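Computed from heavy atoms alone, side chains included, the values below leave out hydrogens, waters and symmetry copies. Because the structure is a prediction, the values reported are computed rather than measured. Note on naming: letters A, B, ... go to the chains in the order of the sequence lines (proteins, then strands), and numbering restarts at 1 for each one.
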Protein chains: 2
Amino acid sequence: MRKGEETRAKILDAAEISVLAKGFGGTSIDELIAETGITKSGFFYHFRDKNELAKALLERYVENDERIYDEIFSRARELADDPLQAFLLGLKLLSELLSDLPNGHPGCLVAVVCSHERAFDRDIQEINRQAALMWRRRFGAMFRDIMRVYRPREPLDVDQLADMVSTVIEGGIILSKALKEPKNLPEQLLVFRTFVRLLFQPSAA
Amino acid sequence: MRKGEETRAKILDAAEISVLAKGFGGTSIDELIAETGITKSGFFYHFRDKNELAKALLERYVENDERIYDEIFSRARELADDPLQAFLLGLKLLSELLSDLPNGHPGCLVAVVCSHERAFDRDIQEINRQAALMWRRRFGAMFRDIMRVYRPREPLDVDQLADMVSTVIEGGIILSKALKEPKNLPEQLLVFRTFVRLLFQPSAA
DNA sequence: GCCGTTTCCCTACCGTTGGTACAGTTTCCG
DNA sequence: CGGAAACTGTACCAACGGTAGGGAAACGGC
């Protein structure tokens with residue numbers, strides 16, 4: 001059992017790098033088995049077909065993503081008592097984390113799936129949807145906490161505000177890649193941070 | 001010459017729909033020639049290979065994109081004298097336009113290219129970069145106009161602010177697709193609009 | 001109404017890729 | 001030691017991107 005999971009992980013590692021660089025269509029199984037040092041039969045022992053590889057890949061990616069958010073925002077919550085300050089700190093920590101990636105963010109699998117839509121079955125699209133909903137719940141809860149203490153200067157829907165976090169991250173990844181400016185994503189996050197600060201700043205003190 | 005361009009356009013039309021739905025890898029030439037009612041030789045008469053199809057597709061897409069932005073924001077500029085009001089109106093017009101698409105935004109080719117990076121040559125990546133830079137210049141000019149009249153409540157880099165427009169649109173497209181909520185993109189645009197209004201609202205009047 | 005260019009069609013072929021089938025073998029663990 | 005898990009090897013298939021080359025309509029200009 002241990003050995004199997006190890007090989008599986010190696011395949012997924014190679015697949016993730018390739019898929020984020022070349023898309024699913026551009027990632028060949030032959031390439032993956034060469035990278036992993038496995039045979040074709042070995043590959044199909046672990047994954048029935050490419051779709052199942054995609055599914056496992058996306059599941060693992062989303063889990064890992066959630067873990068990173070958990071770490072960053074729970075740490076921010078420890079360092080700041082105030083929910084607004086904690087959130088603003090979390091955004092800053094996230095921005096710094098993204099800034100430290102030497103080649104910029106490698107890309108988001110959720111976005112890759114979105115730009116391949118019809119190529120995947122409903123299972124995968126549902127995982128994708130659930131991932132986006134988890135982000136909404138996560139950041140929505142934070143904004144609700146904030147609104148218990150602060151009144152926004154403009155009335156905004158909490159879910160839409162929560163989605164804005166994901167929007168800025170996903171959009172930032174794309175713009176960073178298009179412009180070939182890795183710093184763009186962390187910068188955009190900080191611009192959004194400024195907007196949030198502005199929104200909850202007490203008006204006319 | 002006329003006939004040739006017509007066929008070419010038909011191929012590009014079919015390709016655009018398919019690529020936005022299934023990605024480049026998922027779009028087969030056989031499928032395109034079936035859709036267009038052309039033969040394989042006919043296809044390769046128009047495009048040397050798939051990469052050149054991608055290039056032509058992206059070029060056409062970016063041009064069309066620019067035209068839409070031109071129309072919307074020049075109309076907004078006609079309707080409002082004030083640069084801030086014109087920009088806010090432009091965002092609203094854009095949001096309404098996106099709202100009227102029954103199946104939501106079909107997807108952005110610039111984003112598709114970003115999630116396929118290494119699969120394309122430098123030509124295509126350069127077109128993509130130039131497109132993002134054109135967006136930056138376009139919205140940057142608008143924010144500069146605004147700042148000649150209004151003082152932002154928080155100091156923000158103009159280019160970063162301009163990039164935020166593209167970020168929100170690209171990110172909104174992805175989130176709309178992931179969540180299968182077409183209204184998400186126009187909503188996110190309006191949230192961003194609120195942020196911009198807040199940023200340039202005279203403080204403590 | 002002829003001529004050349006543009007715009008295709010037809011046929012045949014090639015290497016790569018995703019995937020199937022299935023028999024045999026090694027590795028691990030209880 | 002035995003049996004399950006984790007593979008290997010070989011052979012095969014259809015779909016796809018792409019090449020090669022020989023035609024044939026259709027169109028425009030003169």
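Listed pair A:His46 / D:dC7 meets the phosphate criterion, a side-chain N or O lying under 4.0 Å from OP1 or OP2. An OP1 or OP2 oxygen of C:dT7 is reached within less than 4.0 angstrom by a side-chain nitrogen or oxygen of B:Tyr45. For B:Thr7 and C:dC8, the shortest distance from a side-chain N or O to OP1 or OP2 is below 4.0 Å.
Atom pair B:Ile38:CD1 and C:dC8:P shows a separation of 5 Å (rounding to whole Å applied). D:dA26 atom P lies 20 Å from atom CD of B:Glu5, rounded to whole Å. In this entry the distance linking CZ of B:Phe44 with P of D:dG21 reads 16 Å, nearest Å. Rounded to a whole Å, the CG atom of B:Leu53 is 10 Å from the P atom of D:dG17. In this structure, A:Leu32 atom CG and C:dT17 atom C1' are separated by 12 Å, rounded to whole Å. Distance A:Ile33 CD1 to D:dA6 P: 19 Å, rounded to the nearest Å. As rounded to whole Å, 14 Å separates atom C1' of C:dT17 from atom CG of B:Asp30. Distance, A:Glu6 CD to C:dT27 P: 15 Å, rounded to whole Å.
Between its opening and closing five pairs, the helix from C:dG1-D:dC30 to C:dG30-D:dC1 changes axis direction by 30°, a value rounded to 10 degrees.
You'll find a donor-acceptor pair under 3.5 Å spanning the side chain of B:Lys40 and the base of D:dG17, going by distance alone. Side-chain to base pairing of B:Lys50 with D:dG18: no donor and acceptor N or O lie closer than 3.5 Å to each other.
Using a 4.0 Å heavy-atom criterion, one finds that A:Thr36 contacts no nucleic acid atom at all. Heavy atoms of B:Arg48 sit under 4.0 angstrom from primed sugar atoms or phosphate atoms, though from no base atom. Within 4.0 Å (heavy atoms only), A:Ser41 reaches at least one base atom of the nucleic acid.
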Applying side-chain contact (heavy atoms from CB on, under 4.5 Å) to B:Leu199 and B:Tyr150, what does each step give before you reach the verdict?
CA-CA 9 Å; B:Leu199 179 65; B:Tyr150 296 87; over 6 Å; no
Applying side-chain contact (heavy atoms from CB on, under 4.5 Å) to A:Arg129 and A:Leu133, what does each step give before you reach the verdict?
CA-CA 6 Å; A:Arg129 204 173 133 260; A:Leu133 285 173; 4.1 Å; yes
Verdict with supporting geometry, A:Glu59 and A:Lys55, side-chain contact (heavy atoms from CB on, under 4.5 Å)
CA-CA 6 Å; A:Glu59 268 167 354; A:Lys55 196 172 152 188; 4.1 Å; yes
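Aromatic ring centres of B:Phe139 and B:Phe143 lie farther apart than the 6.0 Å criterion allows.
Within the 4.5 Å cutoff, the side chain of B:Leu161 has heavy atoms near those of the B:Met147 side chain. Contact check for B:Lys22 versus B:Glu31: side-chain heavy atoms found under the 4.5 Å cut-off.
Shown are B:Asp163, B:Thr167, B:Asp159; of these, the side chain to side chain donor-acceptor pair (under 3.5 Å) with A:Asn184 is made only by B:Asp163.
Nearest nucleotide to the A:Ile29 side chain, out of C:dG19, C:dT17, D:dG9: C:dG19.
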